[in-house]
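Okay, so here's the structure we're looking at.
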There are 2 protein chains.
Amino acid sequence: MTNDPSTCSNAVLRQAMRRIGQLYDDALAPSGLRATQHGLLATVRKMGSPTMRELAERAVMDLSGLSHTLKPLTRDGYLRLAPDPRDRRARRITLTEKGEAKLGETAQLWRGAQDRFEAVFGMERAVALKSELRILTSPEFQDAFNAAGAEMGTGTR
Amino acid sequence: MTNDPSTCSNAVLRQAMRRIGQLYDDALAPSGLRATQHGLLATVRKMGSPTMRELAERAVMDLSGLSHTLKPLTRDGYLRLAPDPRDRRARRITLTEKGEAKLGETAQLWRGAQDRFEAVFGMERAVALKSELRILTSPEFQDAFNAAGAEMGTGTR
DNA sequence: CTCATATGGATGCATATACAAGCTTACGGA
DNA sequence: TCCGTAAGCTTGTATATGCATCCATATGAG
């Protein structure tokens with residue numbers, strides 16, 4: 001069977017994501033944050049006050065998807081959105097004090113999950129795996145994939 | 001920064017999944033199926049007539065999540081659910097003729113994406129990556145992760 | 001300055017998923 | 001046979017995301 005679904009790169013990636021997402025979600029559960037939300041808050045803290053677009057790009061997310069995803073976080077007061085005075089179309093995202101506090105609270109939980117992941121899978125291996133995955137998220141890979149589509153006549157896009 | 005979000009295994013996995021999911025979705029777009037849906041149909045075909053639970057396990061999905069996800073597919077006539085005569089609690093999932101036909105239609109599209117992925121990332125590398133990811137989805141990994149939680153006092157569950 | 005176009009987002013709609021509840025059918029006793 | 005409990009699903013609710021569309025602001029050409 002040349003089209004065995006168990007060999008589909010996308011399917012395998014998705015399955016791994018579901019499982020690992022589960023493990024991290026469980027670890028963070030006591031804080032009330034999902035792993036996704038924790039990741040976004042941490043990314044915002046690291047970036048300072050990114051615009052929607054900047055954060056979306058960093059997180060490899062669709063702009064509209066990010067817009068939806070941020071709602072629970074702004075609703076709960078962890079993030080604040082304010083129009084950029086330089087360009088009033090843009091909205092700058094900032095971590096509130098409550099958000100900072102929450103990140104302080106989740107630090108242990110997240111670290112625990114991360115440590116367990118590295119302990120069980122192996123640090124070297126974990127680093128190598130993430131390295132490979134980052135290549136997949138690079139714009140270069142995306143471009144090459146689409147270019148291959150043109151060459152192989154499988155769909156340009 | 002020991003809690004750099006860019007090193008979070010979960011975040012990196014998710015980002016890769018979003019990107020690759022996008023590429024496969026685009027490739028399958030002409031068929032009207034999402035990559036996820038295509039994967040489910042193909043898995044059902046491969047399994048025969050699995051019950052909800054069996055399919056959920058194979059797909060590393062939550063049973064309720066699967067229940068919701070199958071709705072568009074049954075609604076559109078690609079799949080049919082029928083109670084198992086042996087155990088009327090269980091429901092067997094079968095691919096309809098329309099579903100078979102659709103899979104025939106998507107075969108080329110999926111193969112194209114898969115080929116491009118392998119061509120761009122490298123066949124060896126793709127195989128190795130999937131191998132690593134499959135380990136993450138194994139029950140053994142999950143158990144080890146949770147066991148580590150108990151030992152490291154980070155959260156038993 | 002004025003308008004066409006590009007840029008930055010927000011919103012409606014649809015699928016993807018998970019958890020908590022609730023319902024129905026099986027099954028192993030007492 | 002009657003129960004209590006387990007097993008297998010479905011449904012309600014909430015977050016996660018992407019596409020198409022729409023609104024507002026910025027920009028560059030004339």
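Predicted model, so just to flag it, every value in this text is computed and none were measured. Residue numbers begin at 1 in each chain, while the letters A, B, ... track the order of the sequences.
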Parallel, tilted or perpendicular, as decided by the 30° and 60° cut-offs, for the rings of A:His38 and A:Trp110: parallel
Mind calculating the distance between CG (A:Leu55) and P (C:dG9) to the nearest angstrom? 10 Å
Taking CG from B:Leu81 and P from D:dC9, how many angstroms apart are they, rounded to a whole number? 10 Å
I need the CG-P distance between A:Leu70 and C:dA10, as an integer number of Å. 8 Å
OP1 or OP2 of D:dT11 sitting under 4.0 Å from any side-chain N/O of B:Lys71? yes
Nearest-nucleotide wise, let me know which of A:Asp84 and A:Ser64 is further upstream toward the 5' end of DNA chain D. A:Ser64
What's the CG-P distance between B:Leu63 and D:dA6, to the nearest Å? 18 Å
Residue from B:Thr51, B:Asp84, B:Asp87 passing side chain to side chain donor-acceptor pair (under 3.5 Å) with B:Arg92: B:Asp84
Just call it for A:Asp87: base, sugar-phosphate, or nothing, with non-hydrogen atoms closer than 4.0 Å on any strand. sugar-phosphate
Between C1' on D:dG18 and CG on B:Leu33, what's the gap in Å once rounded to a whole number? 16 Å
Euclidean distance, atom CG of residue B:Leu23 to atom P of D:dG18 [Å, nearest integer]: 12 Å
Residue pair A:Gln114 / A:Tyr24, side-chain donor-acceptor N/O under 3.5 Å: yes
Shortest non-hydrogen contact from B:Glu54 to B:Met47? O-CE, 3.8 Å
Short question: side chain of A:Thr94, backbone of A:Ser49 - any donor-acceptor pair under 3.5 Å? no
Under-4.0 Å side-chain N/O to phosphate OP1/OP2 contact, B:Arg89 with C:dC23: no
Taking 4.0 angstrom as the limit, do B:Lys102 and B:Glu97 come out as a salt bridge? no
By nearest heavy atom, map A:Asp62 and A:Arg34 onto DNA chain D; which one lands nearer the 5' end? A:Arg34
C:dA10 OP1/OP2 closer than 4.0 Å to side-chain N/O of A:Arg91: yes
Just call it for B:Ser67: base, sugar-phosphate, or nothing, with non-hydrogen atoms closer than 4.0 Å on any strand. base
A:Arg14 vs C:dT17: side-chain N/O to OP1/OP2 distance below 4.0 Å: yes
Assess whether one donor atom and one acceptor atom, taken from the side chain of A:His68 and the base of C:dA10, lie less than 3.5 Å apart. no
If the cut-off is 4.0 Å, is B:Thr51 near the phosphate of D:dG8, judged by side-chain N/O to OP1 or OP2? no
Would you kindly compare B:Met61 and B:Arg86 by the position of their nearest DNA chain C nucleotide and give the one closer to the 5′ end? B:Met61
Side-chain N or O of A:Arg88 versus OP1/OP2 of C:dG8: is the shortest distance under 4.0 Å? no
Are any of B:Gln22's side-chain N or O atoms less than 4.0 Å away from OP1 or OP2 of D:dC19? yes
Interatomic distance where CG belongs to A:Leu79 and C1' belongs to D:dT15 [whole Å]: 15 Å
With a 4.0 Å cutoff (strictly under), does any side-chain N or O of A:Arg18 reach OP1 or OP2 of C:dT17? yes
Tell me: CG of A:Asp26 to P of C:dA18, nearest whole Å? 11 Å
If you look at every strand shown and take non-hydrogen atoms under 4.0 Å, does B:Arg75 touch a base, only sugar-phosphate, or nothing? sugar-phosphate
